[in-house]
Undergrad: 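For reference, the structure I am asking about is given below.
One is the number of the first residue; the rest follow in order along the sequence. As the structure is a prediction and not an experimental result, all values here were calculated from the model.
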Amino acid sequence: MFELKLYEQKDRDLYLKMQKDAFEKYVIEFFGQFDQSIMEQHLERLKSSLFKIMVGNEIAGFVYFKEEETKITVDVLCLFPNFRNNGLGSEIMQHFIKQANQLNKPIYLDTFKTNPAKRFYERHGFIVDGENHSHFILKYKP
């Protein structure tokens, strides 16, 4: 079981470290360098809808979740290594899919083109709906 709690400023350094650890490889691959200031700007844009994924009293990861008028957006779903490969990611995704089905709204997310997470999303019913230089845009349709 997990619980989503809104991101707090005190979580900043932990979030930025997790993002660097999880995505630096892909950022360098597609953009040539990893710029911490860009990650900090990204956090500023996301933080109003950014959640800690809590398992008991531990932060297991972070996820951006925003319900909009016509869609749901999920971004930066990332778990710390000790919480991966045990079904937690699927449990979280099923939580969002259940909401999408109840609201009859699609979920959109993106992932780096070379990130194996694409297969995870496809296993949960997402299909490629578009792409840009670095990312596949994926959609789940209720």
Undergrad: Which atom names give the shortest non-hydrogen contact between L6 and S48, and what distance separates them?
TA: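 Residues L6 and S48, closest heavy atoms: CD1-O, 3.9 Å.
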Undergrad: Which pair of heavy atoms, one from L79 and one from G89, lies closest together, and at what distance?
TA: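 In this case the closest contact between L79 and G89 is CD1-N, 3.8 Å.
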Undergrad: Any idea which heavy atoms bring L77 and F120 closest together, and the distance?
TA: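 In terms of heavy atoms, the two residues are closest at CD2-CE2, 4.4 Å.
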Undergrad: Linking I/L/V/M/F/W/Y whenever their side-chain heavy atoms sit closer than 4.5 Å, directly or via other members, would I137 and Y121 fall into one cluster?
TA: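 Cluster IDs for I137 and Y121 differ.
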Undergrad: If you round to the nearest 0.5 Å, how far is CG of D13 from CE of M18?
TA: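 So the gap between those two atoms works out to 13.0 Å.
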Undergrad: Can you confirm whether N132 is buried at CG, in the sense that more than 12 heavy atoms of other residues, nucleotides or ligands lie under 6.0 Å from that atom?
TA: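 Yes, enclosed.
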Undergrad: Kindly give the heavy-atom pair with the smallest separation between Y64 and L50, and that separation in Å.
TA: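 Looks like N-CD1, 3.9 Å.
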Undergrad: Under 4.5 Å between side-chain heavy atoms, counting indirect links through other Ile/Leu/Val/Met/Phe/Trp/Tyr residues: same cluster for Y108 and F136 or not?
TA: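 Per the 4.5 Å side-chain linkage, Y108 and F136 are not co-clustered.
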Undergrad: Calculate, to the nearest 0.5 Å, the distance between atoms CZ and CD belonging to F96 and E91 respectively.
TA: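 Answer rounded to 0.5 Å: 11.0 Å.
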Undergrad: Apart from I127 itself, what residues make up its hydrophobic cluster, given side-chain heavy atom links below 4.5 Å?
TA: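 In the cluster with I127 there is nothing else; it is isolated.
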Undergrad: Heavy atoms, side chains only, cut-off 4.5 Å: are N115 and F23 in contact?
TA: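 Yes - at least one pair of side-chain heavy atoms lies under 4.5 Å apart.
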Undergrad: Decide yes or no for V128 and L138: does some side-chain heavy atom of the first lie under 4.5 Å from some side-chain heavy atom of the second?
TA: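 V128 reaches L138 side chain to side chain.
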Undergrad: Any chance the rings of Y140 and H124 have centres within less than 6.0 Å?
TA: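 No.
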Undergrad: Going from CD1 on I107 to CG on N101, what distance comes out if it is rounded to the nearest 0.5 angstrom?
TA: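 That separation rounds to 7.5 Å.
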Undergrad: Side-chain contact test, heavy atoms from C-beta onward, threshold under 4.5 Å: evaluate it for F80 versus F62 and give yes or no.
TA: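 When only atoms from C-beta onward are counted, F62 and F80 do touch, with a gap below 4.5 Å.
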Undergrad: State, to 0.1 Å, how close K105 and P142 come at their nearest heavy-atom pair, and which atoms those are.
TA: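 Looks like O-CG, 3.2 Å.
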Undergrad: Mind checking whether F65 and Q99 have side chains closer than 4.5 Å, heavy atoms only?
TA: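 The answer is yes, as the side chains (C-beta and beyond) meet within the 4.5 Å cut-off.
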Undergrad: State, yes or no, whether a side-chain contact exists between Y15 and K47 at a heavy-atom distance under 4.5 Å.
TA: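 A side-chain contact is absent here, since even the closest heavy-atom pair is not under 4.5 Å.
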Undergrad: Quick one: pull up CZ in R12 and CD in E44 and give me the separation to the nearest 0.5 Å.
TA: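 Reported value, rounded in 0.5 Å steps: 7.5 Å.
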Undergrad: Tell me, with the steps shown, if L4 and H95 meet side chain to side chain contact (heavy atoms under 4.5 Å, CB included).
TA: CA-CA 11 Å; L4 298 178; H95 170 79; 4.3 Å; yes
Undergrad: Would a 4.5 Å heavy-atom cut-off, applied to side chains only, mark M39 and K20 as touching?
TA: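 The answer is no; the side chains never approach within 4.5 Å.
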Undergrad: When you group the ILVMFWY residues by side-chain heavy-atom contacts below 4.5 Å and let the links chain together, are I38 and V27 in the same group?
TA: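 No, because V27 and I38 fall into different hydrophobic clusters, even though each may have its own neighbours under 4.5 Å.
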Undergrad: Under 4.5 Å between side-chain heavy atoms, counting indirect links through other Ile/Leu/Val/Met/Phe/Trp/Tyr residues: same cluster for F51 and L14 or not?
TA: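 Yes, F51 and L14 fall within the same hydrophobic cluster.
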Undergrad: Taking all atoms of both residues into account, what is the closest heavy-atom pair of A100 and I72, and its distance?
TA: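 Shortest heavy-atom separation between A100 and I72 comes out as CA-CD1, 3.8 Å.
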Undergrad: Is it true that K118 and E122 make a salt bridge, defined as a side-chain N closer than 4.0 Å to a carboxylate O?
TA: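 A salt bridge is present here (some side-chain N lies under 4.0 Å from a carboxylate O).
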Undergrad: Sort and list the pairs that fulfil side-chain hydrogen bond (donor to acceptor under 3.5 Å, both in side chains) and have at least one residue in residues 49-63, not counting sequence neighbours.
TA: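 Those involving residues 49-63 are E8-K52, D11-K52.
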Undergrad: In Å and rounded to the nearest 0.5 Å, what is the CD to OG1 distance from E67 to T73?
TA: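 Spacing of CD (E67) from OG1 (T73) equals 10.5 Å.
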Undergrad: Got a second to check how far D35's CG is from H42's NE2, nearest 0.5 Å?
TA: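 If we round to the nearest 0.5 Å, D35:CG and H42:NE2 are 13.5 Å apart.
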Undergrad: Can you check whether F30 reaches H135 side chain to side chain, under 4.5 Å on heavy atoms?
TA: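 A side-chain contact under 4.5 Å is absent here.
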